2 protein chains.
Amino acid sequence: MRSALATDSDLLNAIEDRGYRITSTRRVIAGAIEESPDGFTAEQICGRVPGVGRATVYRAIKLFHEVEVICKMALPDGAPRYAVDTGGRHHHHTICTGCGAVQDFRASTIERVLKAIEADVDGQITGHRMEIYVTCQTCLASAD
Amino acid sequence: MRSALATDSDLLNAIEDRGYRITSTRRVIAGAIEESPDGFTAEQICGRVPGVGRATVYRAIKLFHEVEVICKMALPDGAPRYAVDTGGRHHHHTICTGCGAVQDFRASTIERVLKAIEADVDGQITGHRMEIYVTCQTCLASAD
DNA sequence: ATATTACTGAGACAAAGTATCGTCAATCGC
DNA sequence: GCGATTGACGATACTTTGTCTCAGTAATAT
Ligand SMILES: [Zn+2]
Ligand SMILES: [Zn+2]
Ligand SMILES: [Zn+2]
Ligand SMILES: [Zn+2]
């Protein structure tokens, strides 16, 4: 039952709800992820959890992604970046190409347009991906 | 001058216009790419140009991408896929997750919404990425 | 024809994972 | 509580999608 294992971590709660185990290793990894408000890469997490195997970090990230508590996005060159999924509802991200800071955004207009496009498309739409690349205020200010 | 080297290949013409050389190796690679109406992966091209080094294929693809005669996109899992850029104008792609077939699409509404979003964004928009994933008619029909 | 420069192939290296496997730990049944 | 079962772990090899280096070769310039 949840009460015995309850944590204040949304990441851990999410995997527990799906029947995965909460282990000390996963606690540590979840902690490192939750300390990354602006997004993170898998290797950054590896660097912050010494003693934990790289494969285990990748397995945990994959798990958190599967249960939809972290978002995976792509930089302009395709390099992956992750961020904690704070909302839950369908959304997209702005990513600063200078510092990597990630912010969520929702644009219902875009979702409606996508729905309307379905008529023009050969086949059935099964999903979409969208990222907006920005230079954030901090990077703009420091680039004088 | 162009006349001495003129080809019927948009890919080769594009790199020649930027001062790169047209070599027999690049002719072969461009030929293989232009035989791929539904998109291709780099490794598929490697497989179709025996005798050409893998690094050379990747260098050529990068070059064609830089001069904007091929488009690079991402499958849902992030795996890269390429397609010949037949239009030139800004556009996005629908990609069939069954067979990989790529089609261009333009949606001026989306571009306008993106422009409007700039006001809500922390910083300056520098670019965006969007892909629509579909199951194409052919794959729908053969999945009975 | 020679000099210059770009291009090429081989192979090492890199980033972002995934697969295998023997060991170990968390949970379940009693 | 205690052993059995199942899942998780770490190490390491392997895969994919490239990039880098370097010596040799082809294309252009004069
Ligand atoms: Zn998000
Ligand atoms: Zn959306
Ligand atoms: Zn295109
Ligand atoms: Zn666009």
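What you are looking at is a predicted structure, and each value in this text was computed from that prediction instead of being measured.
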Notebook entry, point to check: For dC9(D), does OP1 or OP2 lie under 4.0 Å from any side-chain N or O of Thr23(A)?
Noted result: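 Yes, within the criterion.
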Item checked: Enclosure of Tyr20(A) OH (heavy-atom neighbours >12, cutoff 6.0 Å) -> no
Notebook entry, point to check: Got more than 12 heavy atoms from elsewhere within 6.0 Å of OH, Tyr133(A)?
Noted result: yes
Measure from [atom1] on [X] to [atom2] on [N] and round the result to the nearest Å.
{"X": "Ile70(A)", "N": "dG17(C)", "atom1": "CD1", "atom2": "P", "value": "10 Å"}
{"X": "Arg81(A)", "N": "dG17(C)", "atom1": "CZ", "atom2": "C1'", "value": "17 Å"}
{"X": "Ile45(A)", "N": "dG17(C)", "atom1": "CD1", "atom2": "C1'", "value": "15 Å"}
{"X": "Arg26(B)", "N": "dA26(D)", "atom1": "CZ", "atom2": "C1'", "value": "11 Å"}
{"X": "Arg27(B)", "N": "dC7(C)", "atom1": "CZ", "atom2": "P", "value": "14 Å"}
{"X": "Asp77(B)", "N": "dT18(C)", "atom1": "CG", "atom2": "C1'", "value": "12 Å"}
{"X": "Ile29(A)", "N": "dA8(D)", "atom1": "CD1", "atom2": "C1'", "value": "10 Å"}
{"X": "Ile15(B)", "N": "dT28(D)", "atom1": "CD1", "atom2": "C1'", "value": "15 Å"}

Checklist line | salt_bridge(Glu35(B), Arg48(B)) N-O dist < 4.0 Å | finding: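 Not counted as a salt bridge, because no side-chain N and carboxylate O are separated by less than 4.0 Å.
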Next item on the list: Would you mind checking if Glu43(B) and Arg54(B) are paired as a salt bridge, meaning a charged N to carboxylate O distance below 4.0 Å?
Entry: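 Yes, this pair counts.
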Item checked: Member of Asp10(A), Ile61(A), Asp85(A) meeting the side chain to side chain contact (heavy atoms under 4.5 Å, CB included) criterion with Ile70(A) -> Ile61(A)
Check: Given dC7(C), dA27(D), dG18(D), which nucleotide is nearest the side-chain atoms of Lys72(B)?
Finding: dG18(D)
Notebook entry, point to check: What's the closest nucleotide to the Tyr20(A) side chain, out of dT18(C), dA8(D), dG9(C)?
Noted result: dA8(D)
Note to self: Would you say Thr56(A) and Arg59(A) are linked by a side-chain donor-acceptor pair, where the criterion is simply a distance under 3.5 Å?
What the structure shows: yes
Item checked: Qualifying residue for side chain to side chain donor-acceptor pair (under 3.5 Å) with His92(B), from Arg106(B), Gln103(B), His128(B) -> His128(B)
Next item on the list: Taking only heavy atoms on the protein side, list every residue of residues 51-59 of chain B lying under 4.0 Å from any atom of DNA chain C, sorted numerically.
Entry: Gly51(B), Val52(B), Gly53(B), Ala55(B), Thr56(B), Arg59(B)
Next item on the list: Please evaluate the base of dT5(C) for a donor-acceptor partner in the side chain of Arg21(B) within a cut-off of under 3.5 Å?
Entry: yes
Check: Of Ser24(B) and Tyr82(B), whose nearest nucleotide on DNA chain D comes first from the 5' end?
Finding: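 Its nucleotide being nearer the 5' end, the pick is Tyr82(B).
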